[in-house]
Structure formats: C-alpha cells, structure tokens
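Scroll down for the structure; my scribbles are underneath it.
The shown structure was predicted, so the numbers you read here are calculated from the model rather than taken from an experiment. First the proteins, then the strands, lettered A, B, ... as listed; each starts at 1.
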Number of protein chains: 2
Amino acid sequence: MAVDRKKLILEAAAKSFSMFGYKATTMDQVAKIANVGKGTIYTFFKNKEQLFDEIITGLIMEMKLEADASFDPNSTFMDNVHRTIMRMLEYRKEHQLTIKLFEEQKEMGTLEVKEVINRLENAILNYMKGHVQEAINKGEIKQCDPELTSFIIFKLYISLIFDWEKNHTPLQAEEIALTVERSLLEGLSIR
Amino acid sequence: MAVDRKKLILEAAAKSFSMFGYKATTMDQVAKIANVGKGTIYTFFKNKEQLFDEIITGLIMEMKLEADASFDPNSTFMDNVHRTIMRMLEYRKEHQLTIKLFEEQKEMGTLEVKEVINRLENAILNYMKGHVQEAINKGEIKQCDPELTSFIIFKLYISLIFDWEKNHTPLQAEEIALTVERSLLEGLSIR
DNA sequence: TACTGACCATTTTGTTCATATAGTCATTTT
DNA sequence: AAAATGACTATATGAACAAAATGGTCAGTA
C-alpha cells in the first residue's frame with residue numbers, strides 16, 4: 001500500500017480534537033487535514049464518536065505505559081501510588097488533547113467527552129485495583145476490597161489536588177503525600 | 001405593630017424557593033404570596049440574592065441545631081461523625097427547599113444556587129472542624145490539621161455516598177461506616 | 001475495489017421581537 | 001412623617017423563524 005489511510009485519519013483527528021475539542025472538530029475538517037475524502041473516514045470508523053473512542057483508547061494505552069514506567073519495585077505501595085498519580089497529572093498537563101478535553105467537559109459538558117473521561121477514570125481505577133491487590137498479597141497493606149480501596153485512594157487524591165484549592169491555598173506535592181500517608185495509610189486513631 | 005412584614009416576606013420567599021427554586025421564583029410572586037407590595041420587599045432586602053441568602057442563613061442554623069441534637073457525648077468521635085452526616089442527609093431529603101436547590105444546581109447550574117451550596121458546605125466543614133479539634137484535645141484521634149482532616153472526612157463520605165453508586169451498587173449506611181472506620185480511622189497499613 | 005465529494009436530513013447557530021422580570025420611585029396610606 | 005405600594009423602566013429571557021453548518025450516505029469515479 002502507498003499510504004495507511006486509517007493512520008492518516010487517526011492522526012488528523014487527534015490533531016483536530018487536540019486543537020478544537022470534540023464538538024468543534026468537524027468531519028470535513030478531519031478529512032481535509034488527513035488529505036482524504038470524507039467518505040473514506042466512514043470506511044474505517046462507524047461514526048465520529050467511534051473515531052474519538054479509538055483515539056482515547058490510544059491515549060489510555062500510552063498513559064498505562066507511562067504508569068508502568070513510573071513504577072519502582074523497591075518503593076513502598078504508597079510511594080508508588082503517589083509517584084504514579086503525580087506522573088499522570090503531569091501527563092495530563094503536557095498533552096493538548098487531555099487539556100482540551102477537560103476544558104470542554106467543564107465549560108460545555110459535552111456528553112461524549114463526559115463518557116470518555118469516565119472511561120479514562122475507570123481505566124485508572126482498574127489499573128490501581130491490580131496494584132492494590134498485589135500490595136495485599138505482598139502483605140504491604142491489610143486485607144480490604146481492592147476496588148473500594150482504589151476508589152478511596154483515587155478520590156482522596158482528586159479532592160486534595162483539585163477541590164482543596166477551591167477554598168484554600170493549593171497543597172504542594174509533598175504535603176499531599178504526607179497527608180495521604182498520615183490519614184489513609186496510618187489512620188487517624190492513636191496507635 | 002399589626003403584622004411583621006419582614007417575616008411574612010421571608011416565609012413567602014421560603015415557600016416559593018421551595019416550590020419553584022431560585023430562578024423560577026419572581027419577586028412579584030413573593031410579594032403576592034406575602035400579601036405585600038413589591039416595593040416593600042426592597043425596604044427589608046437589598047435584592048433577590050440577599051433575600052435568598054437570609055433564608056439560607058436560617059436553613060444553616062436549623063441544620064446546626066439538628067447536628068447538635070444528634071451528638072452523643074458517650075459515643076466515639078467517628079460514631080458521632082457518621083451519625084451526624086447521615087442525619088444531615090436525611091434532613092436534606094426531608095426538606096423541599098434543599099431538594100429543589102440541589103436539583104437546580106444539577107440541571108441548571110444557577111450561579112446563586114452554586115454559591116449558596118458552597119456556603120452550606122463551608123458551614124458543615126467549619127462545624128466539623130470544631131469537633132475534630134475537640135477529638136484531638138480529648139486524645140481520641142491523633143494530632144492533625146483539623147481543617148484538612150474535616151475536609152478529608154467530608155469528601156470521603158460524599159464520595160462513598162454519591163460517587164460510588166455512579167458505577168456500582170449503592171453502599172448501605174453500615175458499609176459506609178465500616179469502610180470509613182477501616183480506611184480512615186485504622187488506616188490501611190498493617191499494625 | 002477503494003475512494004471520493006456532492007448531496008440530504010438534522011442540528012446548530014444567529015436574529016428578531018414580544019414577554020417577563022428585577023429593581024426604582026413618585027404617589028398613597030397609615 | 002414614616003411606611004407601604006404598584007405603575008413604570010431598563011434589561012434579560014426565550015419563542016419563533018431563517019440561515020448556516022454538520023454528520024453521515026451513496027452514486028459515481030479512478
């Protein structure tokens with residue numbers, strides 16, 4: 001084959017979604033950037049949403065690789081959680097696509113974007129679940145429901161990073177680590 | 001005095017806000033229900049928002065009384081937190097005004113309603129802060145920042161009650177209590 | 001056979017205009 | 001004189017309609 005048209009389309013769409021978001025990206029636009037007839041897009045993708053989904057699938061895979069890369073087998077469970085979540089946050093800030101998507105969710109509430117962000121969140125939770133289970137097996141943390149525990153850890157981080165600063169001065173990465181360590185890992189009770 | 005016009009207006013407004021929400025309540029409406037000329041409202045309240053604010057102030061005071069009433073000096077700190085948060089949830093479900101308000105926030109995103117809900121949340125956090133400080137003083141929980149700790153406890157409850165059920169079967173009150181106890185109070189580390 | 005872009009049915013956006021509403025203030029009531 | 005009122009005004013809202021844009025199709029082309 002001369003050119004991989006599917007790849008061209010995926011790249012064009014990723015570019016356009018990154019620049020304009022989901023709603024403001026038109027299929028004509030994508031076709032033009034990809035140097036492809038509009039109809040061609042529909043030979044590879046059922047519709048706009050599926051095209052979007054495939055791009056997000058790629059994004060999730062890439063983030064998984066990043067997460068795996070930031071894992072340090074010599075660190076404690078909580079250190080790994082902290083480092084990886086902070087890495088994911090960095091990733092989000094470095095990539096135009098994620099920036100644009102969270103913007104669009106916030107100010108337009110586009111349904112498809114909401115769904116995609118939900119998918120991303122579930123991917124993270126699922127990934128964490130595996131590591132929580134591992135930590136339990138290794139005896140690093142006590143017996144607990146891995147799904148519920150991942151959920152709690154994740155929500156705690158989100159709250160500390162994004163919600164706390166709505167009414168207070170933002171917490172530094174180290175303050176966050178310390179707070180999670182003291183409240184969630186050690187617990188509030190007196191030992 | 002023959003009639004307390006300010007009280008009449010407050011009652012009328014509370015009724016209308018409860019029935020129709022903030023946006024859909026008109027000042028003409030309030031004047032009519034209160035049997036008062038519209039201009040009279042503006043002799044007691046600077047504008048619609050301030051009228052709304054005064055009603056919310058009353059709501060917060062009432063909730064505070066409910067919270068105080070549910071406090072049991074013989075119970076543990078966490079038991080009191082749990083019982084009181086659950087009581088506040090009940091209160092929210094029993095009062096048309098709070099129901100309507102959260103509805104309006106969700107489906108219309110009215111700015112004034114957002115602000116008011118934020119005020120309510122801050123009142124709760126502030127109230128909790130006092131009790132956290134007390135628990136520290138009594139040696140019930142370990143030394144920690146009362147503001148940050150209240151925030152964490154509150155957010156954890158909100159997550160477990162409202163967010164968990166977006167993708168899972170809702171947790172029962174007792175499961176929530178147990179989860180908070182095990183994760184936040186005791187901590188995830190092995191003792 | 002793979003690809004294309006003119007075409008169509010729907011949605012979205014822009015515009016106009018009548019209605020509704022928050023807030024004012026001259027007048028009336030007490 | 002003080003308190004209360006409701007007609008009045010400037011602005012905001014939204015209904016109704018028209019125009020433009022857009023997702024998706026399919027007959028035709030290379």
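- Residue pairs meeting the side-chain hydrogen bond (donor to acceptor under 3.5 Å, both in side chains) criterion with at least one member in residues 37-61 of chain B, sequence neighbours excluded, are B:T57-B:R119.
- Smallest separation of non-hydrogen atoms from A:I117 and A:Q105: CD1-OE1, 3.4 Å.
- Remark: P of D:dG23 and CD of A:E112 are 11 Å apart, rounded to the nearest angstrom.
- Separating the NZ atom of A:K6 from the P atom of C:dA2 is a distance of 15 Å, rounded to the nearest angstrom.
- Taking A:H168 as the reference, B:E147 meet the side-chain hydrogen bond (donor to acceptor under 3.5 Å, both in side chains) condition, with sequence neighbours excluded.
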Exercise for review: Show your reasoning for whether salt bridge (Lys or Arg N to Asp or Glu O under 4.0 Å) applies to B:K106 and B:E103.
Suggested key: CA-CA 5 Å; B:K106 190 168 181 181; B:E103 255 178 48; over 6 Å; no
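- Applying the side-chain hydrogen bond (donor to acceptor under 3.5 Å, both in side chains) definition to pairs two or more places apart or across chains, none involves residues 169-181 of chain B.
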Hey, can you pull the donor-acceptor pairs under 3.5 Å for the side chains in residues 20-27 of chain B, sequence neighbours left out?
from	atom 1	to	atom 2	distance (Å)
B:T25	OG1	B:S16	O	3.2
B:T25	OG1	B:S16	OG	2.9
B:T25	OG1	B:G21	O	2.8
B:T26	OG1	B:Q29	N	3.0

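- Checking side-chain atoms of A:K100 against main-chain N and O of A:H95 turns up no donor-acceptor pair under 3.5 Å.
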Check your understanding: Between A:E186 and B:S189, does a side-chain hydrogen bond (donor to acceptor under 3.5 Å, both in side chains) hold up when you go through it step by step?
Key -> CA-CA 6 Å; A:E186 295 169 14; B:S189 70; over 6 Å; no
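- Put simply, CD1 on A:I41 is 17 Å from P on D:dC26, counting in whole angstrom units.
- The stretch residues 58-86 of chain A participates, sequence neighbours left out, in these side-chain hydrogen bond (donor to acceptor under 3.5 Å, both in side chains) pairs: A:E62-A:Y91, A:E66-A:R87, A:D68-A:Y127, A:S70-A:T84, A:D72-A:S75, A:S75-A:R83, A:N80-A:R83, A:H82-A:Y157.
- C:dT12 atom P lies 10 Å from atom CE of A:M108, rounded to whole Å.
- Remark: A:E140 CD to B:L188 CG distance equals 11.5 Å, nearest 0.5 Å.
- Residues that satisfy the side-chain hydrogen bond (donor to acceptor under 3.5 Å, both in side chains) test with B:K166, not counting sequence neighbours, are B:D163.
- Atoms CZ (B:F44) and P (D:dA3) sit 9 Å apart, rounded to a whole Å.
- Contacts of A:F102 classified as ring pair (Phe, Tyr, Trp, His ring centres under 6.0 Å), with partners at least two apart in sequence or in another chain: none.
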Report all interatomic pairs (protein N or O, nucleotide N or O of nucleotides 28-30 of chain C) with separations under 3.5 Å.
none

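- Look at A:R5 and you'll find a side-chain N or O under 4.0 angstrom from OP1 or OP2 of C:dC3.
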Exercise for review: Using a 4.0 Å cut-off on protein heavy atoms (strictly under), produce a 5'-to-3' string for nucleotides 22-27 of chain C with B for base contact, S for backbone-only sugar-phosphate contact, and - for none.
Suggested key: BBB---
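- Note on residues 61-80 of chain A: pairs passing ring pair (Phe, Tyr, Trp, His ring centres under 6.0 Å), not counting sequence neighbours, are A:F71-A:H131.
- Contacts with DNA chain C (heavy atom under 4.0 Å) in residues 50-59 of chain A: none are found.
- Listed in residue order, the members of residues 13-20 of chain B having a heavy atom less than 4.0 Å from DNA chain D come to none.
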